[in-house]
Trainee: 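Below you will find the structure I want to go over with you.
Chain letters run A, B, ... following the sequence lines, proteins first, then strands; residues in each count from 1.
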Amino acid sequence: MRPNFEPMSLVARVKEATAAALESINKLPFYADDVVVSTTKPEFEGDYTVVLFSLVKRLGKQPEALGNELGAWLTVNHGDLFTAFNVIKGFLNLTLADSVLLAGLETPAVFRPTPSSARKVMVEYSSPNTNKPLHLGHLRNNFLGWSVAEILKAAGHDVRKTCIVNDRGIHICKSMIAWQLFGDGATPQSTTIKGDHLVGDYYVRCETAIKEQYETLLGQTKKNDYSGIEPEAVDKLQALHAAIDSLDPDKEKEKRQKLVEERKELLRAQTPIMLKARQMLVDWENGKPEVIELWKKMNAWVYKGFDETYKRIGTDFDKTYYESETYLLGRRFVDMGVERGVFFRKEDGSVWIDLTAEGLDEKLVLRKDGTSVYITQDLGLAHQKYEEFPYDQSIYVIADEQNYHMKVLKLILQKLDMPYAGGIEHLSYGMVELPSGRMKSREGTVVDADDIVAEMVRESETRTAEKSNPQDFTPEELTALYETIGLGALKFFLLKVDPKKKMVFNPEESIDFHGFTGPFIQYTHARLRSILRKESPAASTGAASPLFRLEKELMLLLEQYPAILQEAASSFSPAVIANYIYAVARTCNSFYTEHKVLKAESEEKKQLRLRLCERTADTIREGMHLLGIRVPERM
RNA sequence: GGCCCGGUAGUUCAAUGGAUAGAAUAGGAGUUUCCUAAACUCUAGAUACAAGUUCGAUUCUUGUCCGGGCUACCA
């Protein structure tokens, strides 16, 4: 028997009762997990259904006979739980007693996890780069990470939210050099452009310059003029030019295309502005004061911008790591790995790990010049995090394009026998795509986070103006309401889809406010609160049997909340909550359209329905909170 | 080439190996003397293809076709 810190769910009780019945009838051991239970399809009589097929083989009985036998035993021995049954084909449909559901309404739906199952969990998400503002993909990441952390907390775990800021590297230097060259001293104050956007603008400016200079260099080197090119690149370029010219553009298209790409990369790295950016990176690593100062200044602009965005979308972290402070931490792993024979050193001094036995490749962990690569830095950071917060589980919310990287990270730590290696989980989520395909910053098809949030809020304003009477609200209330609805629509849209799946965002059609949406659920909540403002349920609901179908359906749904929360926590899926809350809201809408609450046919029914409204509103508020979505009292 | 994902109504998403594959939206038809019509009710519409395992397959296995990602001494 498991310790009962939580009220056992009805499904669990059905399973245990059925297992007991099987054991009693057949004198064989059965466990609750042997029993498959699902909700009964609406076209059949009953609430929960036991699937008999899986039991038939073991017992050597006909499904119908087994079902009747079980149903009879259960209604006799568990009359408190079941009032009726029927058997159709291989399914035993059981009808639950009204009293069981009514009793459930008396206790609060708060879930208390068992202390023994509580884990220390670190959740890392957001992971922005400081060279450009946040975009739609970051929003999915932020909403997911924040929500998963809250779900795990609600399920009783000790959770630490973290963020790793990628604040160093060549991409930052690109923004810095472009600002130096073209910025003319521009600041967020002087331009009234949000800091992260301003820095992002110079990143784009740098990319433009690279493109132009690349074209120039291409023409120049084709004419055999290699002035300004680093000596070690000249030979390679000459070889590439020759190779490309020798290939037939039609017959050997693919091969040629590959070489052209290679030449492009090489030439881009040789453009004057890139040479300057690379020099800047070297200067940064050497701590050259004026470079560090510029870097600090521009990063400060970006952080101010990020803070605004984070505040607006409701993201927060317990701890922020900066790559500039952690990127050297992985070095010691390299020596350790070589010592233990997990890594090997090549003649040129570079260090590798051979993962071919695991079906992967050889992976570089240290460059020949002795500097760390991405994976080395992540090794160091994983260790650092563990020292600060000895986690049982460390969840990385990172897009699925990094599946390979994360696999390698975990594998290396396992090979190094790190105690925390097993707890590393990649919450791999699909990319947000446009109808035209993937968002590409090069092609300017990236949906900016601030823009889309602003647009959603504007849209909610327009729609609210059509629906509500603005005179009912103060201006402050209206502003807050638009934020609540606009962000609710956006968050729900991004969280209702299974995290693992990629999803399509259509900016034309934007995000709906009807149907399976945040505002639909917010609206349901507001209407429920509106009823409850007029009258609160009394202390006891009294006897309101028999229950109507919709009353019962709603009660059954509400009873499932703790189980749903557990499922969401174990699968790291806010979508489970979103789907559930939507089902609750939809069922509740049908319910109070069909049955009057305040003008109910009897006092008992009125009290029952008021209690149901209250419980539904609470469940919606709680569930939406786990998604980071506020619910209004009125709208 | 190798490895990893995915393919469900026109569209966007659901479905611990279980009954007649659910929703939303777009389409068609209705519901405001009754607690907010951002709602409710009805209607029509889908598992890429082919084998296999199974009492039963959207789900598991294999193959084919079609998308996407990764396969950097970038991060």
Side-chain angles (χ1 to χ4, degrees), chain A residues 36-38 40-41 43-44 49 51-54 56-57 63 88-91 93 127 129 131 166 168-172 265 269 323 327 346 348 350-352 359-361 363-369 371-375 377-378 399-405 407 428 430-431 433 435 437-438 460 463-464 466-469 472 485 489 493 496-498 500-506 509 511-524 526-535 567 571 575 578-579 582-583 585-586 589-594 596-600 609 613 634-635:
Chain A
V36 178
V37 171
S38 58
T40 304
K41 298 263 172 194
E43 56 269 37
F44 300 105
T49 296
V51 181
L52 302 167
F53 294 109
S54 53
V56 164
K57 194 175 277 179
I88 297 170
K89 294 202 256 175
F91 302 92
N93 301 321
S127 319
N129 289 2
N131 65 320
N166 182 1
R168 61 162 286 278
I170 190 68
H171 48 289
I172 316 300
E265 280 310 302
E323 201 182 288
Y327 81 110
K346 286 192 178 172
D348 63 5
S350 60
V351 179
W352 298 72
L360 306 175
D361 301 315
K363 186 89 185 168
L364 180 89
V365 293
L366 193 77
R367 297 193 189 96
K368 64 183 172 200
D369 63 7
T371 56
S372 301
V373 289
Y374 183 33
I375 194 92
Q377 298 171 26
D378 269 358
D400 59 10
E401 61 184 352
Q402 296 207 36
N403 285 352
Y404 180 75
H405 173 82
K407 211 165 154 185
S428 164
M431 308 279 243
E433 295 185 353
R438 199 174 165 177
S460 78
R463 306 230 181 189
T464 305
E466 290 165 6
K467 303 291 178 189
S468 303
N469 184 359
D472 294 346
I485 297 172
F493 177 83
K496 72 179 180 183
V497 179
D498 180 347
K500 290 191 293 293
K501 291 194 165 182
K502 69 181 177 195
M503 60 187 298
V504 177
F505 172 78
N506 189 336
E509 295 172 14
I511 297 170
D512 219 321
F513 286 64
H514 300 275
F516 187 11
T517 66
F520 170 93
I521 295 166
Q522 291 172 321
Y523 176 72
T524 304
R527 283 187 68 174
L528 288 171
R529 295 304 310 167
S530 173
I531 294 170
L532 291 163
R533 268 196 302 279
K534 293 187 174 156
E535 189 164 349
E567 192 193 329
S571 59
N579 279 285
Y582 173 61
R586 196 161 43 95
N589 279 337
S590 298
F591 153 72
Y592 71 46
T593 302
E594 176 81 19
K596 290 187 171 63
V597 177
L598 295 176
K599 297 174 186 171
R609 287 171 195 166
C613 286
R634 299 184 295 151
M635 69 184 271

Trainee: Less than 5.5 Å between centroids and less than 30° between ring planes, does F44(A) satisfy that with rA19(B)?
Mentor: yes

Trainee: Report which part of the nucleic acid V497(A) touches: base, sugar-phosphate, or nothing (heavy-atom distance under 4.0 Å, all strands).
Mentor: sugar-phosphate

Trainee: Counting any heavy atom closer than 4.0 Å, what does V36(A) reach on the DNA or RNA strands: base, sugar-phosphate only, or nothing?
Mentor: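 Here V36(A) touches the bases of the nucleic acid.
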
Trainee: Between P on rG18(B) and NZ on K89(A), what's the gap in Å once rounded to a whole number?
Mentor: 14 Å

Trainee: When rounded to the nearest 0.5 angstrom, what distance separates CE in M431(A) from CZ in R438(A)?
Mentor: 3.5 Å

Trainee: Without hydrogens or angle criteria, can the side chains of T49(A) and S38(A) be said to hold a donor-acceptor pair below 3.5 Å?
Mentor: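 Per modelled atom types, T49(A) and S38(A) side chains form no pair under 3.5 Å.
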
Trainee: When the distance from CG of D361(A) to C1' of rG2(B) is rounded to whole Å, what number comes out?
Mentor: 8 Å

Trainee: Please work out if M635(A) contacts a base, only the sugar-phosphate, or nothing of the nucleic acid, heavy-atom cut-off 4.0 Å.
Mentor: base

Trainee: So V597(A), base contact, sugar-phosphate only, or nothing? Heavy-atom distance under 4.0 Å.
Mentor: base

Trainee: If only atom types and distance count, is the side chain of R634(A) paired as donor or acceptor with the main-chain N or O of A526(A) below 3.5 Å?
Mentor: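 Side chain of R634(A) to backbone of A526(A): no pair is present.
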
Trainee: Within the structure shown, what part of the strands sits under 4.0 Å from K534(A) by heavy-atom distance: base, sugar-phosphate, or nothing?
Mentor: sugar-phosphate

Trainee: Could you measure between the two P atoms, the one in rU41(B) and the one in rC49(B), and give it in whole Å?
Mentor: 32 Å

Trainee: Donor-acceptor pair, distance only, cut-off 3.5 Å: does the side chain of D361(A) make one with the backbone of K363(A)?
Mentor: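 Such a contact is absent between D361(A) side chain and K363(A) backbone.
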
Trainee: Reckon K501(A) touches a base, only the sugar-phosphate, or nothing at all at heavy-atom distances under 4.0 Å?
Mentor: sugar-phosphate

Trainee: Classify the side chain of N589(A) versus the base of rA37(B) as yes if they form a donor-acceptor pair under 3.5 Å and no if they do not.
Mentor: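 Donor-acceptor pair under 3.5 Å: no.
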
Trainee: Quick one: which of rC73(B), rC35(B), rA19(B) gets closest to the side chain of Y592(A)?
Mentor: rC35(B)

Trainee: Can the positive tip of K496(A) be found less than 6.0 Å from the middle of the six-membered ring of F516(A), inside 45° of the ring normal?
Mentor: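 Judged by the rule (NZ or CZ under 6.0 Å from the ring centre, within 45° of its axis), K496(A) counts as positioned above F516(A).
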
Trainee: Could you state the atom-to-atom distance from NZ of K41(A) to P of rG18(B) in whole Å?
Mentor: 10 Å

Trainee: Can you tell me the Watson-Crick or wobble partner of rA21(B), both distances under 3.5 angstrom?
Mentor: none

Trainee: If you check the Y404(A) side chain, which of rA39(B), rG6(B), rU71(B) turns out closest?
Mentor: rU71(B)

Trainee: What is the nucleic acid contact for V37(A), judged by heavy atoms within less than 4.0 Å: base, sugar-phosphate only, or nothing?
Mentor: base

Trainee: Would you classify Y374(A) as touching base, sugar-phosphate or nothing, given that sugar-phosphate means primed atoms plus P, OP1 and OP2, and contacts are heavy atoms under 4.0 Å?
Mentor: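 It contacts base atoms.
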
Trainee: Quick test of the criterion, 5.5 Å between centres and less than 30° between planes. Is F53(A) stacked on rG18(B) or not?
Mentor: yes

Trainee: Side chain of K599(A) only, heavy atoms from C-beta on: which candidate in rA19(B), rA75(B), rC34(B) is closest?
Mentor: rC34(B)

Trainee: From the options rC34(B), rA39(B), rC13(B), select the nucleotide whose nearest atom is closest to the side chain of Y523(A).
Mentor: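 Comparing rC34(B), rA39(B), rC13(B) against the side chain of Y523(A), the answer is rA39(B).
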
Trainee: Could you state the atom-to-atom distance from CZ of F505(A) to P of rU25(B) in whole Å?
Mentor: 18 Å

Trainee: Ignoring hydrogens and geometry, is there a side-chain-to-backbone donor-acceptor pair from D369(A) to T371(A) under 3.5 Å?
Mentor: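 Such a contact is found between D369(A) side chain and T371(A) backbone.
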
Trainee: Given atom CG of L360(A) and atom P of rC3(B), what is their separation to the nearest angstrom?
Mentor: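 Taking CG of L360(A) and P of rC3(B), I get 11 Å after rounding.
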
Trainee: Would you mind calling rU71(B) syn or anti? Take O4'-C1'-N9-C4 for purines or O4'-C1'-N1-C2 for pyrimidines, and syn is within 90° of 0.
Mentor: anti

Trainee: How is T517(A) classified with respect to the nucleic acid when contacts are heavy atoms under 4.0 Å: base, sugar-phosphate, or nothing?
Mentor: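 The answer is nothing, as T517(A) stays clear of every strand by at least 4.0 Å.
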
Trainee: Can you check whether R438(A) has a side-chain N or O nearer than 4.0 Å to OP1 or OP2 of rG69(B)?
Mentor: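 For R438(A), the contact criterion (side-chain N or O under 4.0 Å from OP1 or OP2 of rG69(B)) is met.
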
Trainee: Is N93(A) touching bases, backbone alone, or none of the nucleic acid, heavy atoms closer than 4.0 Å?
Mentor: base

Trainee: Has the side chain of S38(A) got a donor or acceptor that lies under 3.5 Å from a partner of the other kind on the base of rA19(B)?
Mentor: no

Trainee: Using a cut-off of strictly less than 4.0 Å, decide whether S530(A) has a side-chain nitrogen or oxygen near OP1 or OP2 of rU36(B).
Mentor: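 Yes, within the criterion.
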
Trainee: Which nucleotide, rC73(B), rA39(B), rG7(B), lies nearest any side-chain atom of T593(A)?
Mentor: rA39(B)

Trainee: In this structure, how many angstroms lie between the P atom of rA14(B) and the CD atom of E567(A), rounded?
Mentor: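 Taking atom P of rA14(B) as the reference, CD of E567(A) is at 13 Å.
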
Trainee: Measure from the side chain of K502(A), starting at C-beta and using heavy atoms only, and say which of rU36(B), rA75(B), rG68(B) lies closest.
Mentor: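 So the side chain of K502(A) is nearest to rG68(B).
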
Trainee: Does S590(A) get its side chain close enough to the base of rA39(B), under 3.5 Å, for a donor-acceptor pair?
Mentor: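 A donor-acceptor contact between them is absent.
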
Trainee: What is the nucleic acid contact for T371(A), judged by heavy atoms within less than 4.0 Å: base, sugar-phosphate only, or nothing?
Mentor: nothing

Trainee: Has R527(A) got its NZ or CZ under 6.0 Å from the middle of the six-membered ring of Y592(A), at an angle within 45 degrees of the ring axis?
Mentor: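 No, a cation-pi geometry is absent between R527(A) and Y592(A).
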
Trainee: Considering only side-chain heavy atoms of L598(A), which listed nucleotide, rC13(B), rC70(B), rC35(B), is closest?
Mentor: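 Between rC13(B), rC70(B), rC35(B), the one nearest the side chain of L598(A) would be rC35(B).
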
Trainee: Using the six-membered base ring of rA19(B), report whether F91(A) stacks on it, requiring centroids under 5.5 Å and planes under 30° apart.
Mentor: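 Stack criterion met.
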
Trainee: What nucleic acid atoms does Q522(A) come within less than 4.0 Å of, heavy atoms only: base, sugar-phosphate, or nothing?
Mentor: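 Here Q522(A) touches no strand at all.
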
Trainee: When rounded to the nearest Å, what value does the distance between P atoms of rG7(B) and rU12(B) take?
Mentor: 13 Å

Trainee: Hey, does A575(A) reach any base, or is it just sugar-phosphate, or nothing, if we go heavy atoms under 4.0 Å?
Mentor: nothing

Trainee: By nearest atom, which of the nucleotides rC73(B), rA38(B), rC55(B) is closest to the F513(A) side chain?
Mentor: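 Between rC73(B), rA38(B), rC55(B), the one nearest the side chain of F513(A) would be rA38(B).
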
Trainee: Rounded to the nearest angstrom, tell me the gap between atom CZ in R634(A) and atom C1' in rC35(B).
Mentor: 16 Å

Trainee: Of the nucleotides rA14(B), rA38(B), rC35(B), which has the atom closest to the D498(A) side chain?
Mentor: rA14(B)

Trainee: What's the CZ-P distance between R586(A) and rA14(B), to the nearest Å?
Mentor: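 Distance, rounded to whole Å: 15 Å.
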
Trainee: Less than 3.5 Å apart, any donor N or O on the side chain of T524(A) or N589(A) sitting next to an acceptor on the other?
Mentor: yes

Trainee: Assess the residue pair D348(A) and K346(A) against the criterion (salt bridge (charged side-chain N to carboxylate O under 4.0 Å, His left out)); give the C-alpha distance rounded to whole Å, side-chain angles, the decisive distance to 0.1 Å, and a yes or no.
Mentor: CA-CA 6 Å; D348(A) 63 5; K346(A) 286 192 178 172; over 6 Å; no

Trainee: Between H514(A) and rA24(B), is there a contact of a side-chain N or O with OP1 or OP2 at under 4.0 Å?
Mentor: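 The answer is no; no side-chain N or O of H514(A) sits under 4.0 Å from OP1 or OP2.
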
Trainee: Determine whether any donor atom in the side chain of D400(A) lies under 3.5 Å from an acceptor atom in the base of rC70(B), or the reverse, and answer yes or no.
Mentor: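 When only heavy-atom distances are counted, D400(A) does not reach the base of rC70(B) through any donor-acceptor pair under 3.5 Å.
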
